[in-house]
Each structure stands twice: as C-alpha cells, then as structure tokens.
Amino acid sequence: MHLDTVMTHMDVDTFSVYPEIINDKLDTWRLTPSNNGQMQVEKLPNYLKALESALDVDQLKIITTGGDNYEAEREQWNDANNVLTVKPGVVIGYERNVYTNEKYDKAGIQVLTIPGNELGRGRGGARCMSCPIERDGI
C-alpha cells in the first residue's frame, strides 16, 4: 500500500487522512545528507508536526475519513482519501464516498465527483489512476 491511499495533500495546508494510520503516534524519521556522504537519521516526535515544519505552516488542516467507524472504514476501503488534487482546494474523488466528500465540502474543499465503481474494484482512487509527470508548485 502507498501513502496516497491513506493521505492526500489537498491544499497548501490541508490534508485528507485516514486517522487509523495517519496520526500523532506514527513513527517518523528525517533523512538528510551529511557532509561526509552519509545520511543523517533523526527520529522526529510527530509525523504531522514534521509536515508542518517541512511546509512552513503554523498548523495543518486535517480532514479525516467521514462517517461513523464502520462508514469511515468502508469509505477508506473505497479510496475516500485517495483523491486527485487538480488545484489547491479542488479535488476529484469517487461519488460513493458521501460521508468523506461531505466533510471535504464543509472544510472548503471542492469535490468534483466521478462514478468510479468499476475503477475502484482495482483498488485505486483518482490519484492512483492519474500519472502526473510534472506539476507546478502550489
């Protein structure tokens, strides 16, 4: 499995996450090259704080998978967090993820929905189904 299945960057400071996996207990390391050609490995206290630092934002806006525990698990299975960000604040996602799409909308993220019932059977969301070669920075 890859990161886009459980987390997607939707706007400059906004991410969708499946909180059962992406949370403040997630082990996180920073790898940076050192002067001697080796890698410096530093354990960080918190994944989301590491992202805030890397993006130079005061606080991330986190939108978790929608619905109750069962609905969130089902929508996660149906790639609710695997949306394709086409511009800051605008994403493409499956229409069947109604609870999560509603949370995105309430958080100010515009969701352009696509049917995707057959696409999703292959276990991939809109982000996985794209092949961006080059993108402008946000």
| field | Working for side chain to side chain contact (heavy atoms under 4.5 Å, CB included), residues Thr113 and Asn101 | value | CA-CA 9 Å; Thr113 59; Asn101 290 343; 3.8 Å; yes

| Once you round to the nearest 0.5 Å, how far does CG of Asn82 lie from CD1 of Ile92? | 12.0 Å

| Student check: side-chain heavy atoms of Ile63 and Met10 closer than 4.5 Å | yes

| task | Could you check if a side-chain atom of Leu48 sits within less than 4.5 angstrom of a side-chain atom of Thr28, using non-hydrogen atoms only? | result | no

| CD on Gln110 to NZ on Lys87, rounded to 0.5 Å | 7.5 Å

| query | If you measure from OG1 on Thr100 to CG on Asp105, what distance do you get to the nearest 0.5 Å? | reply | 12.5 Å

| task | Tell me, yes or no, whether the heavy-atom count around Asn36 atom CG, taken from other residues, nucleotides or ligands under 6.0 Å, exceeds 12. | result | yes

| said: Under 4.0 Å between a side-chain nitrogen and a carboxylate oxygen: does that hold for Asp24 and Lys49? | reply: no

| remark: Here the gap from Thr64 atom OG1 to Lys103 atom NZ, rounded to the nearest 0.5 Å, amounts to 2.5 Å

| task | Nearest 0.5 Å please: distance from the OG1 atom of Thr14 over to the CG atom of Asp11. | result | 4.5 Å

| note | Nearest heavy-atom contact between Glu75 and Arg96 is OE2-O, 3.9 Å

| query | Would one find more than 12 heavy atoms of other residues, nucleotides or ligands at under 6.0 Å from atom CD of Glu42? | reply | yes

| remark: The remaining residues in the hydrophobic cluster of Met39, counting side-chain heavy-atom contacts under 4.5 Å among Ile, Leu, Val, Met, Phe, Trp and Tyr, are Trp29, Leu31, Val41

| Point-to-point distance, once rounded to the nearest 0.5 Å, from CG of Asp56 to CG of Leu51 | 13.0 Å

| query | With hydrophobic residues grouped by side-chain heavy-atom distances under 4.5 Å, do Ile109 and Val98 end up in a single group? | reply | no

| message | Any non-hydrogen side-chain atom of Val83 less than 4.5 Å from a side-chain atom of Tyr104? | response | yes

| message | With side chain to side chain contact (heavy atoms under 4.5 Å, CB included) as the criterion, how do Leu60 and Leu55 come out once you've worked through the C-alpha distance, each side chain's angles and the decisive distance to 0.1 Å? | response | CA-CA 9 Å; Leu60 294 178; Leu55 295 172; 4.1 Å; yes

| Closest non-hydrogen atom pair between Ala50 and Leu44, with its separation | CB-CD1, 3.6 Å

| Does Lys25 NZ have over 12 foreign heavy atoms under 6.0 Å away? | no

| said: Side chains of Asn78 and Tyr94, heavy atoms from C-beta outward: is any pair under 4.5 Å? | reply: no

May I have the list of side-chain donor-acceptor pairs in residues 66-73 shorter than 3.5 Å, sequence neighbours left out?
from	atom 1	to	atom 2	distance (Å)
Asp68	OD1	Tyr70	N	3.0
Asp68	OD1	Glu71	N	2.8
Glu71	OE1	Asp68	N	2.8
Glu71	OE2	Tyr99	OH	3.1

| said: Under a 3.5 Å threshold, yes or no: a donor from one side chain and an acceptor from the other, between Asn81 and Thr65? | reply: yes

| task | Taking all non-hydrogen atoms of both residues into account, name the closest pair between Val12 and His9 and its distance. | result | O-NE2, 3.2 Å

| request: Side-chain contact test, heavy atoms from C-beta onward, threshold under 4.5 Å: evaluate it for Leu112 versus Val90 and give yes or no. | output: yes

